[in-house]
Amino acid sequence: MAKKENNSRLIANNKKAYHDYFIEEKYEAGIALHGTEVKSLRMGKCSIKEAFIKIEGGEIFIYGMHISPYEKGNIFNRDPLRVKKLLMHKNEILKLQQKIKEKGYTIVPLQVYFSKSLIKVEIGLAKGKKLYDKRSDIKKKDMARESEREFKQRF
């Protein structure tokens, strides 16, 4: 489990993953990109809402990550939804592969960010939530919001 540095800048966040899954472990992975994709990410044009991760042949890939074409990239632009390879240590990939063989586990992208000058993807080993789990989370958030409102009104 790698820790993020202080000098990191968020590009894209996947709030839906925290709503739909219990995140048990988090990992940091590099991502193999081409030049115009990096320029587009520097401008913040990325979405991972519909993205998912698969392990194939001992390598880990992210599907459905949308990186908008760079405006000035013309012929050098790549397909916005192309499959991108994630860069992780072999033992981490094997550990994740063993875990997702268990029922209910999957790997989801949580956020994309700059770490110094490198682009990183934070991925999470996740277990799906049931409908009643989601309802209880919503109820807790509502109660916290209500108590915060009452506190503001008093002072």
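Here, residue 1 is the first one in the sequence, and each next residue gets the next number.
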Tell me, yes or no, whether the heavy-atom count around Gln97 atom CD, taken from other residues, nucleotides or ligands under 6.0 Å, exceeds 12.
-> yes
Any side-chain heavy atom of [X] within less than 4.5 Å of one from [Y]?
{"X": "Leu96", "Y": "Ile123", "answer": "yes"}
{"X": "Tyr113", "Y": "Glu122", "answer": "yes"}
{"X": "Glu92", "Y": "Lys95", "answer": "no"}
{"X": "Lys16", "Y": "Glu50", "answer": "yes"}
{"X": "Lys120", "Y": "Leu118", "answer": "yes"}

Let me have the donor-acceptor pairs involving side chains of residues 51-68, under 3.5 Å, with sequence neighbours excluded, atom names and distances please.
from	atom 1	to	atom 2	distance (Å)
Glu56	OE1	Tyr63	OH	3.1
Glu56	OE2	Tyr63	OH	2.8
Glu59	OE2	Lys85	NZ	3.0

If you take all heavy atoms of Pro109 and Asn14, which pair is closest and at what distance?
-> O-ND2, 2.9 Å
If every non-hydrogen atom of Ala29 is compared with every non-hydrogen atom of Met88, which pair is closest and at what distance?
-> CB-CG, 3.4 Å
Ignoring hydrogens and geometry, is there a side-chain-to-backbone donor-acceptor pair from Glu37 to His34 under 3.5 Å?
-> yes
Main-chain N/O of Phe114 paired to Lys116 side chain as donor or acceptor, under 3.5 Å = no
SB check Arg145 Asp142 (cutoff 4.0 Å) = yes
Rounded to the nearest 0.5 Å, what's the gap from NE2 on His89 to CG on Leu94? Could you check?
-> 13.0 Å
Interatomic distance, Glu102 atom CD to Leu125 atom CG [nearest 0.5 angstrom] | 8.5 Å
Do the numbers put Lys99 on top of the ring of Tyr105, so that NZ or CZ is under 6.0 Å from the six-membered ring centre and no more than 45° off the axis?
-> yes
Among all residues two or more places apart in sequence or in another chain, which pass the side-chain contact (heavy atoms from CB on, under 4.5 Å) test with Gln153?
-> none
Output the rest of the hydrophobic cluster of Ile23: all Ile, Leu, Val, Met, Phe, Trp and Tyr residues reachable through side-chain heavy-atom contacts under 4.5 Å, sorted by chain and number.
-> Tyr18, Tyr21, Val108, Leu110
